[in-house]
Undergrad: 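Submitted below is the structure of interest, expressed as structure tokens.
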Amino acid sequence: MPQHISFEVLNMTSSIQNRKYATEITAANEGERVSIAGWVHEKRDLGGVFFLIVRDRSGFAQVTLPRKKTEKELFERVKRVPRESVVAIEGEVKREQKAPNGFEILPSRVEVLSEASQVLPLDTTGKVGAELDTKLDARFMDLRTEKTKHIFVIRSRILKAIRDFLDVRGFIELNTPKIVSAATEGGTALFPISYFEREAFLNQSPQLYKQMLMASGFDRVYEIAPIFRAEEHDTTKHLNEATSIDVEVAFEDHEYVMTLLEELIVFAYTNVVDYPGLAKLDLNLEVPKVPFRRITYDEAIEQISGAGEEIAWGEDIGTSAEHTLGKIIGELYFITDWPCAIKPFYAQPAGEGKDTCNAFDLMHPRLELSSGSQRVHSYELLKQQIESKGLSADSFEFYLDSFRYGMPPHAGWGLGAERLLMCMLEIGNIREVVLFPRDRKRLVP
RNA sequence: GCCCGGGUGGUGUAGCGGCCUAUCAUUGAGCCCUGUCGAGGCUCGGACUCGGGUUCAAAUCCCGACCUGGGCGCCA
């Protein structure tokens with residue numbers, strides 16, 4: 001128990017602030033005086049020599065204390081630092097073939113910035129596994145493990161790649177409201193919230209808003225933001241809070257946005273394959289080639305039926321049919337020309353005498369990654385389609401209004417960020433790729 | 001919501017009516033050891049989700065609750 005609370009932490013020495021990351025140090029720094037700071041990953045006491053493996057964001061550094069050459073007090077103190085405590089080390093770099101990275105640090109000063117309680121909620125070295133539930137309960141510590149850390153670095157790389165990709169193509173990133181007034185299109189359940197004296201909802205999709213922006217003159221927009229769905233499904237691919245990557249483009253059709261989407265996916269993969277940490281994830285990542293295969297809904301039904309699974313024209317493709325088809329195709333593909341009946345009201349019908357629309361889904365063999373379409377831009381048709389789906393045009397007035405004063409033709413899609421990440425990294429459960437996932441049961445942490 | 005699994009020390013597991021005073025690994029406490037790299041050797045500590053039932057006897061079988069993994073449904 002501490003006798004008093006000190007302000008030590010505010011007086012961090014400049015050596016800590018000027019510290020190096022573990023991987024910035026090499027044997028070439030021999031003789032230099034360096035500072036590092038991080039977590040006590042492992043301790044190895046061999047009697048006459050003591051090794052402290054310090055982990056930071058970049059990797060590991062070995063701190064070596066030979067008993068006879070180390071001041072007794074320092075030696076004893078270091079020996080007693082609990083694993084996962086935060087320490088700052090100052091010392092001299094020594095070239096050493098027997099050390100993990102060809103060098104070690106002979107410390108002159110060891111500062112314990114924060115002592116870790118024992119026993120730890122999970123093992124950070126990877127010797128003993130932990131179940132997903134255990135990992136999520138102690139996520140802050142799970143993030144100290146190599147595999148989990150890399151998942152989130154890769155997630156960041158993917159999102160940056162996507163922003164870069166869209167930015168150079170003239171897109172503007174905008175943000176639409178997450179608190180909305182009314183249940184939008186029926187279907188998906190919404191989370192009701194209390195909004196002053198009224199009831200409001202968390203938005204399930206930026207769809208209506210990004211379309212309204214097409215009437216603004218911003219003809220190429222995107223948004224990367226959370227969406228909320230109150231579905232009670234409990235699966236490995238659903239979340240109640242997810243990240244949606246939404247794109248909408250004016251003066252273009254579904255074909256254009258499909259090409260944009262496949263090129264964007266390839267660009268994201270390209271920015272992940274050269275990430276060094278990928279090696280820790282034990283998978284063989286290959287960049288897909290464009291164009292992705294395109295099959296029509298009709299062909300999809302045929303293939304699924306051919307594989308012995310009964311599915312009638314006009315039915316949605318269920319989970320098992322999706323898997324059957326995924327196995328047959330075996331790579332990323334589009335399903336195009338969907339029946340109007342199973343696509344939302346804003347999907348543009350293909351034309352006279354056809355009961356299909358200009359909508360598509362981007363599929364990974366495991367699951368759906370994205371869906372999009374050319375949108376209806378005619379006020380009259382849109383209103384008619386809303387009503388024919390059994391919805392009330394009145395509750396869509398704010399949306400429909402934007403179609404009355406000059407709405408260009410447009411198209412777009414929404415892509416699930418977590419689904420892309422889990423498929424790319426071959427991770428079984430979508431919760432693994434979310435820091436603090438929200439599902440039917442989990443609201444904490 | 002339906003259908004299958006599973007809940008055993010901090011973590012990951014074995015055991016599936018009596019051989020259980022419950023296995024193994026790892027973690028923790030401690031001792032030995034001058035070069036570890038999943039270090040090694042020894043000692044100690046630590047668990048059968050909860051409630052009810054069957055039985056001479058329950059971690060083990062049955063019922064219920066809770067938690068949990070998966071398949072499906074549902075899901076713009």
Side-chain angles (χ1 to χ4, degrees), chain A residues 41-53 60-70 75 79-80 82-84 94 96-102 104 116-138 141-142 145 183-190 203-208 211 227-240 242 244 246 316-323 338 340-347 357 359 361 367-368 370-373 375 385-386 389 391 412-414 416 419 428-429 431 439-442:
Chain A
H41 188 67
E42 278 188 88
K43 298 192 294 182
R44 286 196 201 102
D45 184 0
L46 277 71
V49 62
F50 185 90
F51 300 110
L52 190 69
I53 311 299
F60 306 94
Q62 174 167 290
V63 178
T64 304
L65 294 93
R67 184 194 281 275
K68 285 181 182 164
K69 295 179 191 164
T70 309
F75 192 84
K79 254 179 83 164
R80 284 178 209 294
R83 288 170 67 218
E84 294 303 324
K94 189 183 159 215
E96 177 54 70
Q97 288 236 312
K98 285 175 279 189
N101 299 317
E104 60 193 13
S117 295
Q118 303 293 310
V119 183
L120 304 171
L122 51 80
D123 170 41
T124 55
T125 65
K127 286 181 220 166
V128 182
E131 291 202 356
L132 181 56
D133 199 47
T134 306
K135 286 152 68 108
L136 294 179
D137 280 341
M141 186 157 290
D142 180 41
T145 64
T184 47
E185 301 111 274
T188 288
L190 295 160
N203 208 174
Q204 56 176 277
S205 157
Q207 180 64 33
L208 305 184
Q211 281 194 264
I227 54 171
F228 306 92
R229 297 182 179 191
E231 295 301 331
E232 303 210 351
H233 39 220
D234 203 359
T235 78
T236 53
K237 61 178 186 185
H238 286 100
L239 292 163
N240 292 300
S244 182
D246 270 274
D316 203 356
I317 299 174
T319 310
S320 71
E322 201 173 273
H323 289 165
W338 288 78
C340 295
I342 51 172
K343 281 292 172 189
F345 60 76
Y346 47 76
C357 59
D361 279 4
L367 49 80
E368 177 190 330
S370 168
S371 66
S373 65
R375 320 299 194 186
Q385 293 217 1
I386 287 171
K389 293 264 180 192
L391 300 165
W413 42 255
R419 287 189 173 189
N429 192 317
R431 292 163 181 79
D439 63 34
R440 185 74 183 84
K441 305 257 175 69
R442 187 175 282 278

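Proteins get letters first, then strands, A, B, ... in listed order; numbering begins at 1 in each.
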Undergrad: Between rC61(B) and rC16(B), how many Å separate the two C1' atoms, rounded to a whole number?
TA: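 Taking atom C1' in both rC61(B) and rC16(B), they lie 10 Å apart.
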Undergrad: If I compare all heavy atoms of I227(A) with all of P206(A), which pair ends up nearest, and what's the gap?
TA: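 Of all heavy-atom pairs spanning I227(A) and P206(A), the closest is CG2-CD, 4.1 Å.
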Undergrad: Just jot down the side chain to side chain contact (heavy atoms under 4.5 Å, CB included) partners of A230(A), sequence neighbours excluded, or say none.
TA: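 Once residues adjacent in sequence are excluded, the partners of A230(A) under the side chain to side chain contact (heavy atoms under 4.5 Å, CB included) criterion are A189(A), F191(A).
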Undergrad: Within the pair N240(A) and rC75(B), is there a side-chain N or O less than 4.0 Å away from OP1 or OP2?
TA: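 For N240(A), the contact criterion (side-chain N or O under 4.0 Å from OP1 or OP2 of rC75(B)) is not met.
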Undergrad: For L122(A) and A130(A), which heavy atoms make the closest approach, and how far apart are they?
TA: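 For L122(A) versus A130(A), the nearest heavy atoms are CB-CB, 4.3 Å.
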Undergrad: The criterion is side chain to side chain contact (heavy atoms under 4.5 Å, CB included); which residues satisfy it with P82(A), sequence neighbours excluded?
TA: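 Applying side chain to side chain contact (heavy atoms under 4.5 Å, CB included) to P82(A) gives S85(A), E115(A), Q118(A).
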Undergrad: side-chain hydrogen bond (donor to acceptor under 3.5 Å, both in side chains) with D361(A): which residues, sequence neighbours excluded?
TA: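 Listed in chain order: K343(A).
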Undergrad: Give me the distance, rounded to whole Å, that separates rA14(B) from rC3(B) when you measure between the P atoms they each carry.
TA: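 Roughly 27 Å separates the two P atoms.
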Undergrad: Measure the distance from CD1 on I227(A) to P on rC75(B) and round it to the nearest whole Å.
TA: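 After rounding, the reported distance stands at 15 Å.
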Undergrad: Picking from rU68(B), rG71(B), rC74(B), which would you name as closest to the side chain of K441(A)?
TA: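 Nearest nucleotide to the side chain: rU68(B).
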Undergrad: For nucleotides 29-36 of chain B, give me one character per nucleotide, 5' to 3': B if any protein heavy atom sits under 4.0 Å from the base, S if the only such contacts are to the sugar-phosphate, - if neither.
TA: ----BBBB
Undergrad: Apply salt bridge (Lys or Arg N to Asp or Glu O under 4.0 Å) to the pair R442(A) and D137(A), showing each step before the final yes or no.
TA: CA-CA 10 Å; R442(A) 187 175 282 278; D137(A) 280 341; 3.0 Å; yes
Undergrad: Can you confirm whether the side chains of H238(A) and T235(A) place a donor and an acceptor under 3.5 Å from each other?
TA: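 Looking only at side-chain atoms, T235(A) and H238(A) do form a donor-acceptor pair, the distance falling under 3.5 Å.
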Undergrad: Tell me every residue that passes ring pair (Phe, Tyr, Trp, His ring centres under 6.0 Å) with W413(A), counting only those two or more places apart in sequence or in another chain.
TA: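 So W413(A) forms no ring pair (Phe, Tyr, Trp, His ring centres under 6.0 Å) with any residue.
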Undergrad: Mind checking the C1' distance from rC44(B) to rC37(B)? Whole angstroms is fine.
TA: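 rC44(B) and rC37(B) have their C1' atoms separated by 28 Å.
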Undergrad: Just by protein heavy atoms under 4.0 Å, how would nucleotides 6-13 of chain B read 5' to 3' in B, S and -?
TA: ----BBSS
Undergrad: How many whole angstroms separate atom NZ of K135(A) from atom C1' of rU68(B)?
TA: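 Nearest whole value for this atom pair: 16 Å.
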Undergrad: Looking only at atom C1', what distance separates rC72(B) and rU13(B), rounded to whole Å?
TA: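 Going atom to atom, C1' in each nucleotide, I get 30 Å.
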Undergrad: Say you pick atom P in rC63(B) and the same atom in rC4(B); how far apart are they, in whole Å?
TA: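 The answer is 12 Å between these two P atoms.
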Undergrad: If we take the P atom in both rA25(B) and rC66(B), what is their distance in whole Å?
TA: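 Their P atoms lie roughly 38 Å apart.
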Undergrad: Determine: side-chain N/O of T319(A) to OP1/OP2 of rG71(B), distance under 4.0 Å, yes or no.
TA: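 Answer no for this pair, as no side-chain N or O of T319(A) is under 4.0 Å from OP1 or OP2.
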Undergrad: Given atom CG of N429(A) and atom P of rG71(B), what is their separation to the nearest angstrom?
TA: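 The answer, rounded to whole Å, is 9 Å.
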Undergrad: Can you figure out which of rG73(B), rU27(B), rG70(B) approaches the side chain of T236(A) most closely?
TA: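 Among rG73(B), rU27(B), rG70(B), the one nearest the side chain of T236(A) is rG70(B).
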Undergrad: Rounded to the nearest angstrom, tell me the gap between atom CD1 in I317(A) and atom P in rG73(B).
TA: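 It works out to 12 Å between those atoms.
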Undergrad: Just jot down the side chain to side chain contact (heavy atoms under 4.5 Å, CB included) partners of K441(A), sequence neighbours excluded, or say none.
TA: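 Side chain to side chain contact (heavy atoms under 4.5 Å, CB included) check on K441(A) returns D234(A), D439(A).
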Undergrad: Identify, between G428(A) and G318(A), the residue whose nearest nucleotide on RNA chain B lies closer to the 5' end.
TA: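 With G428(A) and G318(A) compared, the 5'-side residue is G428(A).
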Undergrad: Using atom C1' in both nucleotides, what's the gap between rG64(B) and rA22(B) to the nearest angstrom?
TA: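 Rounded to whole Å, the distance is 27 Å.
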Undergrad: With sequence neighbours excluded, what pairs up with S373(A) under the side-chain hydrogen bond (donor to acceptor under 3.5 Å, both in side chains) test?
TA: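 In terms of side-chain hydrogen bond (donor to acceptor under 3.5 Å, both in side chains), with neighbours along the sequence ignored, S373(A) is linked to R375(A).
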Undergrad: Looking at residues at least two apart in the chain, or sitting in another chain, which of them share a side-chain hydrogen bond (donor to acceptor under 3.5 Å, both in side chains) with N101(A)?
TA: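 With neighbours one apart ignored, the set is empty.
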Undergrad: For nucleotides rU21(B) and rG35(B), find the distance between their P atoms and express it as a whole number of Å.
TA: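 My reading of the P atoms in rU21(B) and rG35(B) gives 43 Å.
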Undergrad: Rounded to whole angstroms, how far apart are CG on D137(A) and P on rG69(B)?
TA: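 My rounded result for the distance is 10 Å.
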Undergrad: In whole angstroms, how far is the C1' atom of rG69(B) from the NZ atom of K237(A)?
TA: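 Rounded to whole Å, this separation is 17 Å.
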Undergrad: Test of understanding: with side chain to side chain contact (heavy atoms under 4.5 Å, CB included), list the residues that count as partners of H41(A), not counting sequence neighbours.
TA: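 Side chain to side chain contact (heavy atoms under 4.5 Å, CB included) list for H41(A), sorted by chain: I53(A), R55(A), F60(A), E84(A), T124(A), T125(A).
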Undergrad: Separation of E42(A) atom CD from rU27(B) atom P, in whole Å?
TA: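 These atoms are roughly 8 Å apart.
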Undergrad: Indicate whether OP1 or OP2 belonging to rC37(B) is found under 4.0 Å from a side-chain N or O atom of H41(A).
TA: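 For rC37(B), OP1/OP2 do not have a side-chain N/O of H41(A) under 4.0 Å.
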Undergrad: My understanding is that only residues two or more places apart in sequence, or in another chain, count here; which of them pass side-chain hydrogen bond (donor to acceptor under 3.5 Å, both in side chains) with S244(A)?
TA: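 For S244(A), the residues satisfying side-chain hydrogen bond (donor to acceptor under 3.5 Å, both in side chains) (neighbours in sequence not counted) are D246(A).
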Undergrad: Can you check the E231(A) CD to rC75(B) C1' distance for me, whole Å?
TA: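 That distance rounds to 4 Å.
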Undergrad: Could you spell out the base pairing of RNA chain B in dot-bracket, with Watson-Crick or G-U pairs whose two distances are under 3.5 Å, [ ] crossing and | to another strand?
TA: (((((((..(((.....[.....))).(((((.......)))))....(((((..]....))))))))))))....
